[in-house]
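The next block holds one structure in the form of structure tokens; read it before the comments.
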Amino acid sequence: MAELSAKVAVKLDQINKRFGDVWANRDISLTIPAGSIHGVIGENGAGKSTLMSILFGFYEADSGTIEINESLVKIKNSDDAISHGIGMVHQHFMLVETLTVLENIVLGAETSWRLRDTKKVARKKLEALTDQYGLAVPLDTPVGDLPVGLQQRVEILKALYRDAEILILDEPTGVLTPQEADQLFAILDNLRRQGKTVILITHKLREIMAITDQVSVMRRGQMVAHRKTAETNSAELAELMVGRPVLLDVDKTPALAADIVLTVENLGLKDERGVDLLSDISFGLRSGEILGIAGVSGNGQSELLEVLAGMRSGTAGTVSLNTTAAKQSFAATSLPNPKKMRLYGVSHVPEDRLGEGLIKQFSMQESAVLGYSWEGSLSKPSYMSPKKLQIRTEELIENFDVRPPNPKLKTANMSGGNQQKLILAREQYELPEIFLVGQPTRGVDIGAIENIYKALIEARDKGAAILLVSVELDEIMTLSDRIMVMNQGSVVGVVDAASVESGDIGLMMAGVQRREGAV
Amino acid sequence: MSAKLKNTELPWWMSVVLVPLTQLVLALFVSSLVVLMVGEDPIKALKVLITGAVGTNEGLSYTLYYTTNLIFTGLAVAIAFHAGLFNIGGEGQAYLGGLGVALVCLSFDSVLPLPILFILVILSSALFGALWAFLPGFLQAQRGAHVVVTTIMFNYIAAALMNYLIVYKIGSGQASNETRYFAEDAVMPKFYQLFDGFENSLFNPTIFLALFSAFAVWYLLWRTRLGYAIRVVGFNQKAATYAGIPVKRIVVITMMISGALAGLMAVNEVYSAQNRLILSFTGGIGFIGIAVALMGRNHPLGIIFAAFLFGALLQGGTELQFEMQNLSRELILVIQGLVIFFTAALDQLLRGPLERWYSYRVMLQNNKLMAEA
């Protein structure tokens, strides 16, 4: 794929890496010519970071070979990687904030037992480096006092100081302002001109188009395409990232949408640093419909679910409920807590099954009442009867065909699919009026997926208003009646699921095109 | 088949009986080497230790008296642990519990009959212990100030406060280091006063309160809504938030329950055994409670057994000091330290390899079954 004349800097061949049952990387082959910027793009969890961790020696591949500069190498740890001229700038910086820039850079690469000697040598070398690459950084300032963009430069300098010829950047712009990102691109361009090889890992299409020479697309642990950047476009890459819709056969009649039960108006959410995670989100959700939220993960979908479930407060806007138990408007800054939300008829399947939805260490029957333990039919304050939990769990097992049907089994020992079925069963033991569903089929096998789809559509047909968040575009396309596309915390548009092409959605997900209010 | 070998959990008898017993044997073995080093006969020392702790009626009584104290402080550590909190302040909370006992007794011991006083003493000691744990819990919940740090500091504050109160305010006479004795017919009688056949010792019926507390802690944790919430918070705060459990409130409540349990130790020590409030009466029992909880794997039943073991060590150690002059008090502490070291700190030393061995055996067995099928 590379030009015949160009040297190959990195060649990965048939890399495999498994964590338990999950293939993080499967048969990955990748060739990167020297002196180029190579993008690796894919959604969160596609396996990009694992692949780069293998290249940098954090993990060892189960099988496969790595060639650096056309000779076969073994990389067992990051020292090996550095000695082969590989440097890595991590997404979360590995810097000691109280030490100065100079001290951070020499840390672990001291040339003498005396710090003064080390610093003297380092200062000379660094001054040459900063001149050469235009990476001006105040060497004697504590790193903690620098803005994020400069901290990142320190990380790049750190790699260059260790004589890196191949530089891996993991989601480098995640923490940067657009201006800082542009500066970074200028630096990368400079590095390329000086003959360095840069590997850029990202899920942002704009960056790929702006700076790279080639791009490789990963999806679900596999390499799905290699392209020259000049010969592709955002739309094609977006579609490659999320995959063509493979429609699972689901019987679905048109929605009989009725009253609006959830109204979100101008919802905003800022993090502690004042960065917008959600801005100006407005939409209505009707009972009897599935509103799918499409978007590359990390664009605010998770935060939206958390706010609506009452797990965290927003910073602006209102959320109005129109359910049997609550016809009320709430300021986003003071939403009811998750317990009250459930009483108001809002159920929630969290995105992170084991991180939030279940307690690994609990027995199945204890996990089966998480969020409902105070229900009168399950317990009194003074007595929580294991028998009642067991009976409830047996019902849930029956409803959703959870296997193995043993309420005493430890939650951690259930398969991912069955854990998910248990959560779904729990959250719709009584039909929810508003049903927030996050990543219902993540890590779930095909058989269970079909059951889960059927259950969601059945709930819809019984009148539940379902808000579905998924990174699987085909899942959104299959299940939704309407699709709301999010990008960078904002709504790009709402479209009718029946009359939209996945390519259009892909474009909207990339923030490329706005189609306002098609429905 | 999964490629990664997960460690199978040990059967309960291995986890609860085999592992601790082996740890104990290891600790005693290393202790023997220490005894050998100072030129004494380790076999004899071991005999004295065991006989002193459980071999005589008197020794056993004292062992059980220490056990009573240790059950309270062990439970205090354990319940906090179930909420993911490491309460090192049992010492200070128990000390304040003593103040609660003393204030009630000094005020009412000549007025109220024993049963009512007993109930008041229980409530008061628990309340004082709980209040002393409230602030660290509150600071943890609201400000994120780690309870490990704050409870240690509160131990020092408790020591200074009690020093002042006993010496200047409630002590008997000028600059005394204890209060007056409580009225004889107001305090809990000891077993030797109640029944024939008990040797003269501080062992008293408060042990039933300790055993009841152990049961209550078990019931609370595994049979009530609050206990369920405590365990959810302890395992996974994010999941607790998801479930709508008020994490901060649970943290504060759990710390207060923990403090109350530590405070109850004063019912045994101050009200029933010493019959007066003595300066520094806790004598490290709060700290040994940490080892008791660790060895008892934070389960009330395990704690009862662990408390008995450490009680036996305390009593046997005292006996050793009398019998073998070369073994000074410091050496006894070394031996106790070794037991804590092996049972608590080096838990994984034994458990890890055992788990691997057991997983391997289970895997072999499974493979064999599959081959047969």
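Small disclaimer: the values here were computed from a predicted structure and weren't measured. So that the names make sense, note that chain A is the first sequence line, chain B the second, and so on, each numbered from 1. These numbers come from the heavy atoms of this one structure, side chains and all, not from hydrogens, waters or symmetry mates.
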Could you go through the side chain to side chain contact (heavy atoms under 4.5 Å, CB included) check for K248(B) and Q142(B) one step at a time?
CA-CA 7 Å; K248(B) 291 176 178 179; Q142(B) 293 299 330; 3.9 Å; yes

Could you walk me through whether T206(B) and L209(B) pass the side chain to side chain contact (heavy atoms under 4.5 Å, CB included) check?
CA-CA 5 Å; T206(B) 313; L209(B) 180 67; 4.2 Å; yes

Test side chain to side chain contact (heavy atoms under 4.5 Å, CB included) on E366(A) and R231(B) and set out the steps.
CA-CA 10 Å; E366(A) 285 179 309; R231(B) 287 182 300 129; 2.6 Å; yes

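Only the backbone of L354(A) has a heavy atom closer than 4.5 Å to any heavy atom of chain B. For a residue to count as touching a neighbouring chain, one of its non-hydrogen atoms must lie under 4.5 Å from one of that chain's; by this rule K360(A) does not touch chain B. For S382(A), the part sitting under 4.5 Å from any heavy atom of chain B is the backbone (N, CA, C, O) and nothing else.
Interface summary for chain B: among G357(A), P336(A), P338(A), the most heavy-atom pairs under 4.5 angstrom belong to P338(A). For chain B, the option among N337(A), I359(A), L358(A), L370(A) with the highest count of heavy-atom pairs below 4.5 Å is L370(A). Contact count versus chain B (heavy atoms, under 4.5 Å) is highest, among K340(A), M341(A), E427(A), for E427(A).
A 6.0 Å sphere centred on NZ of K410(A) holds more than 12 heavy atoms belonging to other residues, nucleotides or ligands.
The two residues I250(B) and A229(B) make their nearest non-hydrogen contact at CD1-CB, 3.7 Å. Nearest heavy-atom pair, A214(B) versus I304(B), reported as atom, atom and distance to 0.1 Å: CB-CD1, 3.8 Å. Considering every non-hydrogen atom in both D271(A) and L277(A), the closest pair reads CB-CD1, 3.8 Å. Residues G300(A) and L278(A) share a closest heavy-atom pair of O-CD2, 3.2 Å.
Contacts between residues 73-89 of chain B and chain A, defined by a heavy-atom separation under 4.5 Å, are made by no residue at all. The contact list for residues 386-395 of chain A toward chain B, using heavy atoms and a distance under 4.5 Å, reads P386(A) by residue number. Of residues 306-315 of chain A, those residues lying under 4.5 Å from chain B by any heavy-atom pair are E306(A), M311(A).
Shown here are the side-chain hydrogen bond (donor to acceptor under 3.5 Å, both in side chains) partners of S53(A), two or more places apart in sequence or in another chain: there are none.
Of the possible polar contacts, none joining the S363(A) side chain to the K408(A) backbone as a donor-acceptor pair under 3.5 Å is found.
Side-chain contact check for N16(A) and S63(A): at least one donor-acceptor pair (N or O, by modelled atom type) lies under 3.5 Å.
Under the 4.5 Å side-chain criterion, counting only non-hydrogen atoms from C-beta, P136(B) is in contact with M255(B). At a threshold of 4.5 Å between non-hydrogen side-chain atoms, the residues L467(A) and F435(A) do not count as touching.
At least one test fails for R223(B) against the ring of F215(B): distance under 6.0 Å to the centre or angle within 45° of the axis.
Remark: K17(A) engages D62(A) in a salt bridge, criterion side-chain N to carboxylate O under 4.0 Å.
Taking the six-membered ring for Trp and thresholds of 30 and 60 degrees, F235(B) and F362(A) have ring planes more than 60 degrees apart, a perpendicular arrangement.
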